[in-house]
Participant: 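Please read through the structure below; I'll follow up with questions.
Each residue takes its place number in the sequence, starting with 1.
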Amino acid sequence: MTIIDNESGIDAALFDRIPIPTDDLDFFPRRFASASGTYVIRRLPLPFTRTTSESDGAADTADAADAVEGPPIAFSPLVLREELRLDVDRHFPQMTASGTTISLLSKQKSWIAKVAKTGKWRYAGPIWYTDGFGAGGFAYDRVDIKVTPSFFGLGGHATVVFTGPGGKSLTRKYPFETASFHPVQFEFDSTSDSEPVTQIGTHDHPNRPASLASETLSIETVFRRAGFDVSTAAAGSVPISGAGANTTWSDAEMHDAMQTYWSRFADAPQWALWTFWARQHDQGHSLGGIMFDDIGPNHRQGTAIFTDSFIRDVPAGDAAPAAWDSRMRFWTAVHEMGHAFNLAHAWQKSLGTPWIPMADQPEARSFMNYPYFVSGGQAAFFSDFAYRFSDEELLFMRHAPSRFVQMGNADWFDNHSFEQAFSELPPAEYRLEVRANRETAVFDFLEPVVLELKLTNTSGEPKIVHADLLDPQHVLTIVSSPGKEPRQWMPYARTCADAAASVLPAGGAVYASLPVFAGLNGWDVSEPGSYDVIAVVEIDGRPLRSEPFSLRVASPRSYEEAGLAGAVFTERVGRALAFDGTAVDTVANDTLLEAIDRLPDSRIAIHAAAAIARPLARDFKVLQIPEGADAQSSVADAGGAIRTRAAHLDEALALSERALVTPAAAESLGHIRMHGLVDSITADAAREGADASAAAMQREMHDVFAARGVLPRVLEEVEQKAESFEPARTRSAGTRSTSSAAKATPKRPAAKSTTARKGTAKK
């Protein structure tokens, strides 16, 4: 939709990127005037000279633009690029100026100032934040900025006078470059059975703010108004005719699709995001979206939206159900894409990796808040929702140093009185524990460290908690080791799930698996030595911290173990283990199979067997893009399609029965992770007709759990699952409908085979 300005008849979209100097050209509508944007110096600094004046005249001369009083700390020699970002008008102005200097021989330096308008095209204020200047700090504490606007993007500049204690001053002249703060490229693709929504009418639903403008709003426009120069590749529908009968997506299938997509891009811009619409995840109706961090080269991002999910559950009696449905699909897409810019949920900011201390905003009318979490629920949320991010989120997206946009930095853990903050809290009504499913917390070398979270209601009365409270993506997990800086464990992906509430009785507990072995930081727990793990969750607006849990990683017991370390402790293997396998990463699969072959009785072999078996147990969907496809074309235009690599059930069952239903597996994988893996593999086996094998594997898991004292309700669930696969219970214990499966030797799977014959006939 083209918006035409009522006064001039000029296409307003033209001016999203071009500020116009209406103070001097009054015949232009004032709405087109803008000082905001990015101003850039791309050259080595001229020789330094001294200046004694900060007057307008001195600041406006070309010679004075590079004058300083002595060599400044901020602008060292061999500067490659200096940026000024001015954020004082246009969409949701934050009255902020920030700058970044990138030098050849030193790390990136950044500063941020809060400014106010002091005159015609003039802004000034104190510098309140600096980063990267080292022990000496930044020499200046205030900026005075005068803007000479550009005319249709031609000419224009901003002159900044930095001042500091003792009369120090520095003047820099930055040419105008763009009205945005960062470039970003989006691509939207979808499977043919999904129903994507990338734009909506803001007045389509009657529940809206009275002041909300009526327009056709696109996802691109939302992010342009957040300060990004958005470009898009052509959208397309990806055929799924070759995907087979199973149309739901596993984590591994979706992760492989993301990896395949980004493998096309070797030299593409850093700021890029792929949004892929699919029908439904294996988790079912409760999962609306998943965001994959750091996919591909140059820290790219990828997100998937599932349209057959809770996001389309229209409230009973809604006045405009079709509009509500479209609005929620649109909201979910922007929400998940917001995570790709490292934005936390509105109620979780204090538990994330803040670049400055940030307060939670549980009532924020932001894309990053869940509509049903605010007081009054989704109706109250949308009645006051202006289709925007909050001011704090905009400040972060526009001005935070790039290293804070990249996750995993935990320096703030030590520097912001973390321990003191918790000592000041009143006694908690819950107890949070980190623990391991073993007598002593000693892990073998190469063993992926999987811990368990337990939350107990100690209040003496029932409590209402969200079902995903202990989901690892919502838990702040800090890993520390003697002599090293603490690090925040960050999972590879984050989800948007239906956070249904449940009653936790007095004395009752909920549990979750915590796979801290690897994430966006790499392998956080790998080298021999001792580690402490602390977890923090937020309940009813208050953080709850666990006591430190101490564990130890043992030294290698053989040259075989030590020799495999370099291959195992990689991002590829970490991702394959975290996502329960891969069908396209042959390097990761070869390493896992080598671990099974060379160390068959080791703990790493158990985890490797799980990662190999899980994809083999099902018809596995693979995104295929023709070799040599244009990196700038969409997946659909490049001829991409969803194909199926047929299941190899014999091999999957052989690995599973040998490695996954043993006491050692229960101890190393943890009860929760083992339970989930066996449930998934047996469901796939039953789907292929191997019901007896599925039932037998469930009963073996039952016996292992019973011997380990697992809760009776869990044992009952396992027994019921076994009976569902074998209702007549006609088979004696210990036999298999696929007797050869337990003796088979796992083969190296073909990464992209679409013609492989299924290993087990249906029975």
Participant: Side chains of Leu715 and Glu719: does their closest heavy-atom pair fall under 4.5 Å?
Facilitator: no
Participant: Please step through salt bridge (charged side-chain N to carboxylate O under 4.0 Å, His left out) for the pair Lys621 and Asp256, ending with a clear verdict.
Facilitator: CA-CA 9 Å; Lys621 289 183 287 298; Asp256 277 357; over 6 Å; no
Participant: What verdict does the side chain to side chain contact (heavy atoms under 4.5 Å, CB included) test give for Lys721 and Val678, after you've listed the backbone C-alpha separation in whole Å, the side-chain angles of each residue and the deciding distance to 0.1 Å?
Facilitator: CA-CA 11 Å; Lys721 180 76 72 173; Val678 172; over 6 Å; no
Participant: What do you reckon, is CD of Glu527 surrounded by more than 12 foreign heavy atoms closer than 6.0 Å?
Facilitator: no
Participant: Taking atom types as modelled, is there a side-chain donor on Thr247 or Arg279 under 3.5 Å from an acceptor on the other?
Facilitator: yes
Participant: Determine the minimum heavy-atom distance between Leu469 and Val537, stating which atoms define it.
Facilitator: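 That would be O-CG1, 4.1 Å.
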Participant: Students often mix this up, so state it plainly: with edges at 30° and 60°, are the rings of Phe276 and Trp274 parallel, tilted or perpendicular?
Facilitator: parallel
Participant: Check whether any side-chain heavy atom of Leu514 lies under 4.5 Å from a side-chain heavy atom of Val450, and answer yes or no.
Facilitator: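 No; the side chains remain at least 4.5 Å from each other.
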Participant: Is the shortest heavy-atom distance from the side chain of Val573 to the side chain of Leu592 under 4.5 Å?
Facilitator: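 The answer is yes; the side chains approach within 4.5 Å.
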Participant: May I ask you to test the Phe443-Leu451 pair for a side-chain heavy-atom distance under 4.5 Å?
Facilitator: yes
Participant: Can you name the closest pair of heavy atoms from Phe549 and Ala441 and give their distance?
Facilitator: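 So the two residues come closest at CZ-CB, 3.6 Å.
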Participant: With Arg487 as reference, evaluate Val525, Thr477, Asp524 under the side chain to side chain contact (heavy atoms under 4.5 Å, CB included) test and give the passing residue.
Facilitator: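 Option passing the side chain to side chain contact (heavy atoms under 4.5 Å, CB included) with Arg487: Asp524.
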Participant: Please report the shortest heavy-atom distance between Ala304 and Met258, naming the atom on each side.
Facilitator: N-CE, 3.9 Å
Participant: Report yes or no: do Thr682 and Gln698 form a side-chain donor-acceptor pair below 3.5 Å?
Facilitator: yes
Participant: Please check if the side chain of Thr303 supplies one atom and the backbone of Ile290 the other of a donor-acceptor pair under 3.5 Å.
Facilitator: yes
Participant: Centroid separation under 6.0 Å, is that true for the rings of Trp523 and Phe517?
Facilitator: yes
Participant: With no hydrogens and no angle check, is any side-chain donor or acceptor of Glu452 less than 3.5 Å from a backbone partner on Asn437?
Facilitator: no
Participant: Looking at every non-hydrogen atom in both residues, tell me the closest pair between Ile672 and Ser513 and how far apart they are.
Facilitator: CD1-N, 3.7 Å
Participant: Show the nearest heavy-atom pair for residues Glu187 and Val635, with the distance to one decimal.
Facilitator: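 Distance-wise, the nearest heavy atoms are OE2-N, 2.8 Å.
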Participant: Checking Ser309 side chain against Phe306 main chain: does a donor-acceptor pair fall under 3.5 Å?
Facilitator: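 A pair under 3.5 Å: yes.
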Participant: Mark yes or no for whether Glu253, through its side chain, and Ser250, through its backbone, hold a donor-acceptor pair below 3.5 Å.
Facilitator: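 Indeed, once roles are kept as given, a pair shorter than 3.5 Å links the two residues.
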Participant: If I compare all heavy atoms of Met674 with all of Ala665, which pair ends up nearest, and what's the gap?
Facilitator: SD-C, 4.2 Å
Participant: May I ask you to decide whether Asp619 forms a salt bridge with Arg687, counting only side-chain N to carboxylate O separations under 4.0 Å?
Facilitator: no
Participant: Can you confirm whether more than 12 heavy atoms, excluding those of Arg438, are under 6.0 Å from its CZ atom?
Facilitator: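 Correct, the count exceeds 12.
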Participant: Thinking salt bridges, do Arg575 and Asp585 make one under a 4.0 Å N-O criterion?
Facilitator: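 Salt bridge between Arg575 and Asp585, a charged N being under 4.0 Å from a carboxylate O: no.
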Participant: For the pair Arg614 and Asp684, evaluate salt bridge (charged side-chain N to carboxylate O under 4.0 Å, His left out) and give the outcome as yes or no after the intermediate values.
Facilitator: CA-CA 9 Å; Arg614 182 70 189 90; Asp684 288 332; 2.6 Å; yes
Participant: So, are Asp282 and Arg618 salt-bridged, with charged N and O less than 4.0 Å apart?
Facilitator: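 Answer for the salt bridge query: yes.
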Participant: Strictly below 4.0 Å, N to O, side chains only: are Arg708 and Glu439 in salt-bridge contact?
Facilitator: no
Participant: Does Gln280 use its side chain to pair, donor to acceptor, with the backbone of Asp308 at less than 3.5 Å?
Facilitator: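 Judged by distance alone, yes, a pair lies under 3.5 Å.
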Participant: What's the verdict on side chain to side chain donor-acceptor pair (under 3.5 Å) for Glu561 and Ser558, showing C-alpha distance, side-chain angles and the deciding distance?
Facilitator: CA-CA 5 Å; Glu561 284 189 351; Ser558 66; 4.8 Å; no
Participant: Are side-chain heavy atoms of Glu723 and Arg699 found at a separation under 4.5 Å?
Facilitator: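 Yes - at least one pair of side-chain heavy atoms lies under 4.5 Å apart.
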